[in-house]
Amino acid sequence: MGDQHNAVAAGAPRTIIDKIWDARVIVVQEDECLLWVDRHYVHEGSHHAFAQLAKAGAPAARPDLTFGFADHYIPTRPASGVDGVRMVDLLAKNTAAQGIRNFGAGDARQGIAHVVAPELGLTLPGLVIVCGDSHTSTHGALGAFAFGIGASEVAHVLQTQTIWQSRPRRMLIEIGGVLPEGVTAKDLAIHLVARLGADFAVGHAIEYGGDAIRALSIEGRMTLCNMSIEMGSRLGIISPDERLFAWLAGRPGVPSGEDFSHAVESWRALATDPGAVFDHVVHVDAREVEPSVTWGVSPEHAAPLSGCAPDPSGIPDPLKSAAAREALAYMGLEPGTKLKDVAIDRVFIGSCTNGRIEDLRAAADILRGRRTRISGLVSPGSTRVRLQAEAEGLDRVFTEAGLEWAGSGCSLCVGMNGDLLNAGERCASTTNRNFRGRQGKGSRTHLVSPAVAAASAVTGRLTHPADLGAR
Amino acid sequence: MEPFRSLSAPACPLGLPNVDTDQLIPARFMQTPRDQGYGRFLLHDLRRDASGALDPAFPLNDERFAKGGALIAGSNFGCGSSREAAVYVLVDSGLRCVIAPRFGDIFASNAAKNGLLTAMVSDAELTALLADPDVREGRNVSVDLETQTIRTGKLSVAFDIRPDRKQRLLNGWSDVDMTLSHRAAIDDFVMRDRVQCPWAQTPALRA
Ligand code: SF4
């Protein structure tokens, strides 16, 4: 992140990043500014911050702007661990003590914060949104200035409804052209991390722009903004447009009637001005993006599904080369292995990256009338997504194909609720992190899109749907 | 928070790039209340072999580095999740300083709030530090925050840190006290905003 010298001259064209910052800043100091926090989302993992709050003997400043979500630990199937229940109860107790509304177990609005808050319309354009979770960047798809924070910051926001931040540098990633048929927002996200690197955008806020972004659905935009943190950026954002306003209209937390028209007018003005200056601009041609998959233990360890695992001796940076060698050893892959030849044991479809209705529909379209060779878990991102999917009969498509249909939560994305892989098991997963042991000690994760996860379940190898035979 | 000014202690040469927060503390330990201590979870799975025994070749398992001090990591240290527990494991292990070319951004800001210095050096300086005989032999390395320098018998390396993080570490400030000194400005903002941006101040979906 930069400093106040990074501010834009008065009257000059501004980016959406600057516009929201300027509108929500309360105190300007040289190194850091005090920002108002419009929405604060907490979850079971926020227990450290609630403990700090209790220690300080302080009440929550704005419980009406704070919302609780049972997602990380909530059991999603009968076999999930029992510890999760304790953590879900602890969240319910901590939020109740502060008068914070909590969407807990059994609530029709339960689900992953980054899925539920947008679908409820709690997340709105122009708002500053924080949560003790790095994938808070997801909400930038709705034109919000949203970023993940740590427990001390969560405690600070609870006590003051504000946060100290330094103005981020601005980065524009412009995706021109049209994504090829069968290439999804997830493929684009994986492609960008692989191409630019896992630390490329540290200290920057990313705006995604260009024709390919305009053409994405709001769900697809969320998938992309979600993975901004995988490039090191705390914040990814997309300027609001008519497609977004249509998506927002009628959601419970969105103003209605005249208030809505009034709000839309102000949201429209948030879009980055023509000629606004970024500190860093990257152009990517959407036509170059292929269905993509990770082969290692960092999201930057990725390649087109049509490609191969690399040969580490060809990587010039010695530390990166050594890391790639260790990654391949951990993943149990030989250098040069064709990725389409990699046999997998399990699939996971879900998470804040790909647990939305559009994602489940894409996976179900592949699985309808087919049987899977391997087992797997499908966990909708929210209870609302689950009910919608069940109304459309998607749950039966998954179970008839041979996958398990679970409740909503983070589930096997991080395994905190006890949904875990066994050591050595290899999973094609629609999540966002392929870190060592992320899905359980010794687990091996390949990040993929929902369509690739579904096709891979059918063959038992990493597979693109286009390569499946007739049903 | 305990302020950080300087340090003279061994610096463990870890050197791995992209050490993510899931490595720093695997998720399964994160239910633990803080007062029970987090040091035992530091890089829990990475420092053990398949049988669960401590791997003697892993730098942090070398007894010369067991008492803490500094850690020389690789680029993008602390990338990944926002879990502040990734800082608790280091601090509770007696580590007060991590040296790396780049840090995960949320990790670095969490570190500054817990008295842990994140010192940024260039890739070339990292390589030099990792190869330095004093470092490798576990002799004391000195780190001074005011002057932003790391010294071994042979090397003197200037490091970078964001000014706000430096101030916070030097002063050991409590952010909440600092914020509440601006209470009047905050109240003014809210009053204005209730009119200008009612959907922000009063969510249609009330608590
Ligand atoms: S689904 Fe995974 S990445 Fe998303 S909030 Fe949950 S644990 Fe984090």
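Note: hydrogens, waters and symmetry copies are ignored here, and every other heavy atom, side chains too, is used. A, B, ... follow the sequence lines: proteins, then strands. Residue 1 opens every chain.
There is no contact between V87(B) and chain A, counting heavy-atom distances below 4.5 Å. Looking at A23(A), the atoms closer than 4.5 Å to chain B (heavy atoms on both sides) all sit in the backbone: N, CA, C or O. Using a 4.5 Å cut-off between heavy atoms, Y88(B) contacts chain A through its side chain alone, with no backbone atom that close. With a threshold of 4.5 angstrom between heavy atoms, Q23(B) approaches chain A through side-chain atoms but not through N, CA, C or O. Using a 4.5 Å cut-off between heavy atoms, E326(A) touches chain B through its side chain atoms alone. The contact between Q52(A) and chain B is made entirely by side chain atoms (from C-beta outward), counting heavy-atom distances below 4.5 Å. With a 4.5 Å cut-off on non-hydrogen atoms, P26(B) does not touch chain A at all. Contacts between D35(B) and chain A at a heavy-atom distance below 4.5 Å are absent for every atom of the residue. Residue contact with chain B, scored on non-hydrogen atoms closer than 4.5 Å, involves the backbone and the side chain of S152(A) alike. Within the 4.5 angstrom heavy-atom criterion, no atom of R192(B) approaches chain A. V25(A) touches chain B through its backbone: at least one of N, CA, C or O sits under 4.5 Å from a heavy atom, while the side chain does not.
Between F189(B) and W36(A), the angle of the ring planes lies from 30° to 60°, which puts this pair in the tilted group.
R39(A) and A200(B) get closest at one heavy-atom pair: NH1-O, 2.8 Å. Of all heavy-atom pairs spanning S134(A) and S82(B), the tightest one is N-OG, 3.5 Å.
Most heavy-atom pairs under 4.5 Å with chain A, from the set D193(B), V176(B), T179(B): that is T179(B). The most heavy-atom pairs under 4.5 Å with chain B, out of Q159(A), M416(A), R438(A), come from R438(A). Looking only at heavy-atom pairs under 4.5 Å with chain B, the residue among D38(A), V414(A), D83(A), I229(A) that has the most is D83(A). Per-residue counts of heavy-atom pairs under 4.5 Å with chain B were compared for M87(A), E44(A), H48(A); the largest is that of H48(A). Contacts with chain A were tallied for N114(B), D175(B), L180(B), D188(B); D175(B) has the most, counting heavy-atom pairs under 4.5 Å.
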Exercise. Take H156(A) and K113(B) through the test side-chain contact (heavy atoms from CB on, under 4.5 Å) and record every step on the way to the result.
Key: CA-CA 11 Å; H156(A) 181 275; K113(B) 297 192 158 103; over 6 Å; no
Quiz prompt | Test side-chain contact (heavy atoms from CB on, under 4.5 Å) applied to R34(B) and K55(A), step by step | solution = CA-CA 12 Å; R34(B) 175 69 194 281; K55(A) 212 165 157 190; over 6 Å; no
Quiz prompt | side-chain contact (heavy atoms from CB on, under 4.5 Å) between N18(B) and E300(A), worked out | solution = CA-CA 10 Å; N18(B) 290 323; E300(A) 72 177 23; 3.3 Å; yes
Practice problem: In sequence, state the C-alpha distance, the side-chain angles, and the governing distance for N110(B) and E153(A), and then conclude on side-chain contact (heavy atoms from CB on, under 4.5 Å). | Solution: CA-CA 8 Å; N110(B) 290 339; E153(A) 290 173 316; 4.1 Å; yes
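In this structure a side-chain-to-backbone donor-acceptor pair under 3.5 Å is missing from R83(B) to A151(A). A donor-acceptor pair under 3.5 Å links the side-chain atoms of H47(A) to the main chain of M30(B), judged by distance alone. Panel note: side chain R102(B), backbone D199(A); a donor-acceptor pair is recorded below 3.5 Å. Under the 3.5 Å distance criterion, the side-chain polar atoms of R433(A) are matched with a main-chain donor or acceptor of G80(B). Under the 3.5 Å distance criterion, the side-chain polar atoms of R62(A) are matched with a main-chain donor or acceptor of Q201(B).
A search for side chain to side chain donor-acceptor pair (under 3.5 Å) contacts involving E265(A) returns nothing, not counting sequence neighbours.
Counting heavy atoms from C-beta on, the side chains of Q167(B) and E30(A) never come closer than 4.5 Å. Annotation: side chain of P203(B) is not in contact with side chain of R101(A) (no heavy-atom distance under 4.5 Å). H182(B) is not listed as a side-chain neighbour of I26(A), based on a closest heavy-atom distance of 4.5 Å or more. Considering only heavy atoms from C-beta on, Q31(B) comes within 4.5 Å of R86(A) through its side chain. Counting only heavy atoms from C-beta outward, the side chains of L124(A) and W199(B) approach each other to under 4.5 Å. A 4.5 Å side-chain heavy-atom check between F435(A) and S81(B) finds every atom pair outside the cut-off.
A salt bridge does not link D20(B) with R436(A): every distance from a Lys NZ or Arg NE/NH1/NH2 to an Asp or Glu carboxylate oxygen is 4.0 Å or more.
Each of L126(B), D123(B), L16(B) was compared with L319(A) under the side chain to side chain contact (heavy atoms under 4.5 Å, CB included) criterion, and only L126(B) meets it.
For residues 253-262 of chain A, the interface with chain B (any heavy-atom pair closer than 4.5 Å) comprises G253(A), V254(A), P255(A), H262(A), sorted by residue number.
By the neighbour-count criterion of 12 heavy atoms within 6.0 Å, atom CZ of R139(B) is densely surrounded, having more than that number from other residues, nucleotides or ligands.
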